[in-house]
Amino acid sequence: MNKKILKNCRIVDPSQKMDEIGNIIINENGKIEDIGAKAKIPNKSSKMETFDFNNKIAIPGLVDMGVFVGEPGFEYKENFRSLTNAALSGGVTSVVTMPNTKPLIDNVSMVDFIMRRGRDKSKLNIFPAACLTRGMCGEEMTELGLLSSKGIIAFIDPYKSIKNTEIMSRIMDYASDMGVLIMQHAEDYDLSKDGCINEGEIATRLGLSSVPSIAEKIIIERDLSLLDEFKCRYHINQISSQKSVDVIKKNKSNGKKFTVGVSINHLSLNDNDIGDFKTFLKFSPPLRSEEDRKSLVKGINEGLIDVIVSSHKPEDEESKRLPFAQAATGSIGVETLLPLALELFHNKSIELNKIIEMITINPAKILKIKKGSLKIGSDADICIFDLEKPWVVKANDLKSKSKNTAIEERKLQGKVLKTFLGGELVFDN
Amino acid sequence: MARSKAIKKQVKHLLGIQNLSVLEAKEILKESQNFIKLNRSGSKKLDVLRGKTQINLFFEPSTRTQSSFDLAGKRLGADVMSMNIVNSAIKKGETLMDTAMTLNAMHPDLIVVRHQDSGAPNLLSQKVNCAVINAGDGTREHPTQALLDALTIINSKGKIEGLRIAICGDIKHSRVARSNIYLMNMLGAEVNVIAPKTLMPDSINQLGVKSFTSMKKGLESCDIVMMLRLQNERMQGSFLPSKREYYEYFGLTPDKLKYASKDALIMHPGPMNRGVEIDTKLADDINVSLVKEQVELGVAVRMACLKLYCK
């Protein structure tokens, strides 16, 4: 690989508190050799590529903690190749893949499969998560130790809480010793079953049964109580409501150690956007009220929420073109994660540094992976974007295999120009 | 964002009262009046819809709504086909959309649809070329029921504006309640809803009603008392402790009716659970009960809807 010089970038790297115009030098091994205003451009040689970015922004490649890839079992929704294209065009270079595939990723042989496929078919850094319990039944924990040793970096039962408190306590107890990361989808099933939308006026008008925000709060409160006894690495996958923010605030101010995620959808949309039964806006947890959305933004600014995820969930037309109650949840989003997050900067909700921090170094720290930073010696995973460039989201232009975007026709400001992965230019707009 | 698509012909659907303007609602009611007489006459057949095809697509069992639509179409001269999908195609794995596309290929002019999922008629209307009339979807809307209720009230009280109307029972799971709330509000009535807290939907006041958990307070000076059917399943999810207790507090009895206006009239969309939500004698008392009128005028209202929406 040739040496690469990225000249005149505004480097925003919260991992080293850097926000300055400077250069990035990538060495022959695809690592950062030098970075910042002081980084000197070496003398010209033939084996050197130079890019002049004219003060466009360079950030570490994004780390997305919540991505569903359809392999195995749902290749028609998304495969590693299409996910790679989508992610790289959004500046995302590392993803945590969800284990709710068919078959589920809940045993060692499946991990081998997913690692191999990820390596062969995708250019991305794939960090697979495995199920927390066998068959996602919430009854027996998976082999947390063996699975971690095979490369699993987090455990979650996607879209399912561990309902049984005793089992959850055992998992947390065991995990505290193993040092593995437990991610919880916080939703009390008894309160949320059949529900598909936030409780409130919209649900009443649309005649849909609801998932009250208390369903989320109860599980969070329970788990945080358990956390007093069993100090494991605990992450709340996605929160959606003000009630949850309040609980988190109380617990974090008591010094309790845990981390919290939120999906970009819940920061940018509310239940009013569902309009006339738009199934692309059906999520789990559901979109909540504008007050809830604002409280999530506030929670970020108060440092209560650690990461923003895309919650990328490709679904084919057949899963979405159904009455609302029957339709699948989720939307694609890995490609629009950064531009949609930038909307929060442009409308002055959250500062740029904070946004970048939450999609680069924070998830990397939680996952304990060496990503999300451009410190000297790290992998040169870099996203270059134009902060101002306006564009309109068109589902058909997105690279995902499925086209279920929740923000069709949305006018965004800020677009990814180039993505480097291990020093290699892998996306060029 | 309503973007007009140039080519597709705009077809009007009757999906819910929420989508109607006051003028449209009044037009339907006015048109319905014309059919009441016809339905009472010796020769009930017209040829307004001659050559038109009407498909009744019922995914949920229904007696009165389906037969009412059936009769309405036939009296207007349409060819009516009724399909009960409860036990057929859907069971074979066919989706609502596939069924819709199949039927659409047969060039119907009207599809009357009832479905257990809220919003199903909206979805259907996006995919077919003919008018879709909602005959009840999930817990969202039942527009023709509200329209026939309005017509019944107008014909017995002379007006709706200024009346106070109480809707009592399982508001949470009732599409009839929702459609009636929208329509009665639109036509200038005051609406009270009365239900035990577990059967009261969240944020119901946002729909422009006053909510009560006591019959005594809720019925005060009401001119119309609409009772809703209590589904038997409600006991299971622990919405209520028992039918007996429900009847004690929320069943309409002659005693409770005294809280309402002196000349208050009773309505019920049917089918009734006598002794659960309504006293059996009260239900049959022709001096206060409008139940039979509701059924009769249902046909007229549906004829008006079919005529107005079939273009």
Side-chain angles (χ1 to χ4, degrees), chain A residues 189-215 241 269-282 286 288-292 316-328 392-394 406-411, chain B residues 1-3 13 15-19 59-60 90 93-101 113 115-127 134 136-142 171-179 181-182 193 200-209 211 233 237-239:
Chain A
Y189 175 75
D190 290 324
L191 288 171
S192 70
K193 65 173 176 225
D194 306 331
C196 51
I197 186 171
N198 183 36
E199 189 173 54
E201 186 192 346
I202 310 281
T204 299
R205 277 188 187 277
L206 295 179
L208 295 171
S209 43
S210 57
V211 180
S213 50
I214 186 95
S241 74
L269 299 160
N270 62 34
D271 60 353
N272 209 11
D273 291 311
I274 290 166
D276 196 12
F277 300 98
K278 286 185 208 145
T279 55
F280 286 10
L281 278 82
K282 179 178 174 184
R288 304 225 180 257
S289 69
E290 178 62 9
E291 280 65 43
D292 287 309
D316 60 327
E317 223 173 283
E318 297 315 313
S319 314
K320 283 289 191 181
R321 213 178 56 180
L322 291 169
F324 200 88
Q326 293 175 25
V392 179
V393 179
K394 299 255 191 251
I407 49 166
E408 174 75 347
E409 297 288 336
R410 189 143 170 152
K411 296 177 183 72
Chain B
M1 273 192 307
R3 284 174 307 122
H13 308 285
L15 300 176
I17 303 292
Q18 282 181 99
N19 316 88
F59 292 90
E60 217 182 47
I90 291 287
E94 196 178 41
T95 65
L96 168 68
M97 295 319 296
D98 292 333
T99 311
M101 298 313 282
V113 62
H115 200 281
Q116 62 277 15
D117 282 321
S118 302
N122 305 48
L123 183 66
L124 192 70
S125 72
Q126 293 162 14
K127 300 289 167 189
N134 181 3
D137 64 325
T139 52
R140 192 182 73 103
E141 283 242 34
H142 192 350
I171 311 283
K172 190 182 184 97
H173 300 95
S174 173
R175 51 193 174 217
V176 176
R178 285 174 177 74
S179 285
I181 288 170
Y182 305 132
V193 292
M200 189 73 91
D202 195 68
S203 310
I204 186 76
N205 296 339
Q206 303 283 81
L207 269 50
V209 298
S211 61
E233 306 92 83
S238 220
F239 286 99

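Being a predicted model, the structure only gives us computed values, none of them experimental. First the proteins, then the strands, lettered A, B, ... as listed; each starts at 1.
- A/I202 does not touch chain B: none of its heavy atoms, backbone or side chain, sits under 4.5 Å away.
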For this session: Go through the steps for B/L15 and B/S125 under the test side chain to side chain contact (heavy atoms under 4.5 Å, CB included), then give the verdict.
Result: CA-CA 9 Å; B/L15 300 176; B/S125 72; 3.8 Å; yes
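- Using bins of under 30°, 30° to 60° and over 60° for the plane-to-plane angle, the ring pair B/H115/B/F59 lands in the tilted bin.
- Chain A forms the most heavy-atom pairs under 4.5 Å with one residue out of B/Q18, B/Q206, B/R140, and that residue is B/R140.
- A salt bridge links B/R175 to B/E60: one of the charged nitrogens lies within less than 4.0 Å of a carboxylate oxygen.
- With a threshold of 4.5 angstrom between heavy atoms, B/E141 does not approach chain A through any atom at all.
- Judged by distance alone, with hydrogens and angles left aside, the side-chain atoms of B/S174 form a donor-acceptor pair with the main-chain N or O of B/A177 at under 3.5 Å.
- In this structure, chain A has heavy atoms under 4.5 Å from both the backbone and the side chain of B/L207.
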